[in-house]
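Residue numbers start from 1 in every chain, and the chains themselves are labelled A, B, ... in the order their sequence lines are given, proteins ahead of strands. When reading the values below, keep in mind they use all heavy atoms of this one structure, side chains included, and skip hydrogens, waters and symmetry mates.
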Amino acid sequence: MTQTTLSRREFLKLISLLSLAQLGKSRVNDQYRLSGQDPLRPNILILVFDTLSARHVSQYGYGRATTPNLARFAERANVYHTHYAGGNFTSPGTASLLTGVYPWTHRAVHIQGAVTREMENKNLFHAFEAAGYHSVAYTHNPAVSVLLHQFRDGIDRLIPARELALVDPRIGERMFPDDFSAVLSADSALLWGNGEVPPTSLFLSYLNKLLVKYNNRAISAEFGSRFPRGVPGFNGWFYTLEDAIDWIQEQVNSLPQPFLAYVHLLPPHSPYTTRQDFIDRFLDGWQPLEKINHFTSEYDFPQQQLNLWRRHYDEYIAYVDFEFGRLYNGLSQSGVLDNTCLVFTSDHGELFERGIAGHITPALFQPIMHVPLLISLPGQKIRQDFLDPTSCVDLLPTLLEIIGENVPDWGEGQILPPFALGEADPDRSLFTIEAKQNSKWTPLTKATVAMVKGNYKLISYIGYDSTEGIYELYDLAQDPDERDNIHAVNPVLSGELQDELERKLRVVNAPYRQ
Amino acid sequence: MAINSLNQRIHAQAFRSVFVACLFYVNVWAIIHILRQLPSWLLRMDSWEIFGTVSYLLTAALIESSLLVLLIAFFAILIPSSILKGKFSAQGVMFATISTIGAVGLHYGGVNILAWGLNQFLFTGSLFILTAVGMFFLVARVQRVEIILNSLSQHLTGLSYVYLFIDILAVLIVIIRNV
């Protein structure tokens, strides 16, 4: 007697068909029928808001009501409560999200860094291209543009950042669009320098600054009343979220289906230039928990200053949330969400504690690596919450599973619940890596690695002034604010986790030791 | 007729001398600061990308040198020939030199002109113009200064032609990367 068994994929398809059948006369089926689209191959819209820490999102329990619209969206989405970025700034975080591997594999570990040549064809866009999807990508952030240009063979429409810029000061990108990474590096070095080193241009850099000053003045005259803290943008770029949101709505209504749209918007990245109606919204006198300055703190900012920046950041998030709410309404009303899977996430978080502000730091505390992830399936009507830790490297296999494609074997992530069959692995370890002082071409010898396993988080500071290494261990269940380093008081657990991390590092460093 | 007038004011040899000075100043600054940025690029870029980045920067240095010499020539055209007295070479080198000293001072003085108000622009601009005018009359009246500036230009010629060669190579690399 032969036993007939269903593969996981067949099972998923069956489940999907059953759920669609249950919906019966709903708009979902009508929508699919009208579009002639396969209901098992929904559109995918990924919205990344740069530098959005889950620790500042009211949806995840933050004290300030920063995100009422996201909460509304969450009522019809899968909400992942403990989702981690792959890195603590844009390049590693975004590259992990797009490739499904950790920074120690893709190696985009520097500011405006690029992934290895090997990863140029191993990413979300190439996987969806192989699945017959039409893909479009847009970002405000030049660090993300470096990655998108690397992946451009798999992207049908890579839209330049200037499309939504209020002014476009970058001549190089226009003149040499196919050599983006080198042009961007040259542009930065030529006109801005790198903070410690002046620009390589004696005179043109000043001409550029005068142009920027002129543009600032013109933009401020036009938008200053709406944005008293400055118009959103940086390094001479300016844009508004309103334009981006309107543009997304236009795009998704006109794209060939099925599509993959990746939109990576810069707010709430610093400078925190919220819109006028959100200014002083959180002038509530609330004081966050004060924490002792960390040894990685470069400037030891006073708590009062950190609290002020935190408030400005929160008010900027409120603006982001408002505009997201407008988009969500538009997508719902136009029926786009009936055949589109909407993903809301971020590339990394932001920190206002322990003397540290921002995210350009070796520190890997929760506010900088805990990011939101919400996924709504086409026509989803109910909310599902998932508390187990997840990572941004899980997004690629999950989305491929949702569209019924095989998950590639090179990924380091797992399919997220509820799309994965079976129980989540309780022994799974997740990683966030910071290695901007390490060479892209060598083993990790100067880096910070955070490993989350169950309730515990081990942080290893590699290559600092200590022969024995510097470790911190936190019990996130008992101490979610990471105030009590239990590394020394729990040597057995510390030893086990350290051994595991060191074994992992030996494996990932092996290709670079030859 | 206009070309004849221009030739009378700016001889090709004198123009070359000024261009040599501009090339030298702009390229020395660019190369020093490229070398200072190189360690951070070595961390993240492969050799072809570094070649590309450096090529764009040296191409920009060539353009910047050319713009500077054209700007100086433009000023020379505005100045009555009775005042310039055929001293374009020395005056041009002088202008390139004080412009470079001023720019280096601003760069290393940690000056952020984005934060400047009108008064700061007026003050700095006036200071520069006064210095340039003062130096102009110094070159016009003191022959020894003129000789020093011309001699400076001559001494820079060899090195500047090396820079010119490197800049042209950089332009070729930029073209190769974009065809």
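- Using a 4.5 Å cut-off between heavy atoms, A:V109 makes no contact with chain B at all.
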Inset, instruction - Could you walk me through whether B:F121 and A:L210 pass the side-chain contact (heavy atoms from CB on, under 4.5 Å) test, one step at a time? - result: CA-CA 11 Å; B:F121 276 111; A:L210 289 175; 3.4 Å; yes
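- Residues A:F203 and B:A103 share a closest heavy-atom pair of CE2-CB, 3.7 Å.
- For chain B, the nearby part of A:R117 is the side chain; its heavy atoms alone come within less than 4.5 Å.
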Inset, instruction - Please lay out, stage by stage, how A:N194 and B:Q37 fare under the test side-chain contact (heavy atoms from CB on, under 4.5 Å). - result: CA-CA 8 Å; A:N194 72 1; B:Q37 296 226 17; 4.0 Å; yes
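- Annotation: side chain of B:L43 is not in contact with side chain of A:K440 (no heavy-atom distance under 4.5 Å).
- The distance from atom CG of A:D179 to atom OG1 of B:T53, rounded to the nearest 0.5 Å, is 8.0 Å.
- With a threshold of 4.5 angstrom between heavy atoms, A:I111 approaches chain B through N, CA, C or O but not through any side-chain atom.
- Heavy-atom neighbours of B:F123 CZ from other residues, nucleotides or ligands within 6.0 Å: at or below the threshold of 12.
- For the atom pair OG1 (A:T200) and CG (B:L35), the distance works out to 11.0 Å, reported to the nearest 0.5 Å.
- Open room surrounds CZ on A:R217; 12 or fewer heavy atoms of other groups in view lie less than 6.0 Å from it.
- In A:E118, the CD atom is not crowded: 12 or fewer heavy atoms of neighbouring residues, nucleotides or ligands sit closer than 6.0 Å.
- Using a 4.5 Å cut-off between heavy atoms, A:A189 contacts chain B through both its backbone and its side chain.
- By the 6.0 Å contact criterion, CZ on B:F128 is enclosed, its count of non-hydrogen atoms from other residues, nucleotides or ligands being greater than 12.
- Between the CG atom of A:L190 and the NE2 atom of B:H33 there is a distance of 12.5 Å, given to the nearest 0.5 Å.
- Contact residues of residues 151-176 of chain B toward chain A are B:V174 (heavy-atom distance under 4.5 Å).
- B:Y56 and A:D187 are not linked by any side-chain donor-acceptor pair at a separation below 3.5 angstrom, with hydrogens and angles left out of the test.
- The number of heavy-atom neighbours closer than 6.0 Å to CD of B:Q120, taken from other residues, nucleotides and ligands shown, is above 12.
- Between A:P198 and B:W29, some side-chain heavy-atom pair lies under the 4.5 Å cut-off.
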Inset, instruction - May I have the step-by-step check of side-chain contact (heavy atoms from CB on, under 4.5 Å) for A:S205 and B:H107, ending in yes or no? - result: CA-CA 10 Å; A:S205 52; B:H107 279 300; 3.2 Å; yes
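- Pairing each heavy atom of A:A182 with each of B:G52, the nearest pair is CB-C, 4.3 Å.
- Only the side chain of B:L67 comes within contact range of chain A, judged by heavy atoms closer than 4.5 Å.
- Taken from CG in A:L202 to CD1 in B:I101, the straight-line distance is 11.0 Å, to the nearest 0.5 Å.
- Proximity to chain A is limited to the side chain of B:L68, based on heavy atoms less than 4.5 angstrom apart.
- The closest donor-acceptor contact from the side chain of B:E64 to the backbone of A:L204 lies under 3.5 Å.
- Ranked by heavy-atom pairs shorter than 4.5 Å toward chain A, the options B:W116, B:F51, B:W41 are led by B:W116.
- One finds the CZ atom of B:R44 at 13.0 Å from the NZ atom of A:K436 (value rounded to the nearest 0.5 Å).
- Put simply, the side chain of B:S40 does not reach to within 4.5 Å of the side chain of A:H110, judged on heavy atoms.
- Among A:G113, A:G193, A:S201, the residue with the largest count of heavy-atom pairs under 4.5 Å with chain B is A:S201.
- Put simply, OG on A:S185 and CD on B:E49 are 5.5 Å apart, with the number rounded to the nearest 0.5 Å.
- No donor-acceptor pair under 3.5 Å is formed between the side chain of A:W441 and the backbone N or O of B:D46.
- For chain A, the nearby parts of B:A30 are the backbone and the side chain; heavy atoms of each come within less than 4.5 Å.
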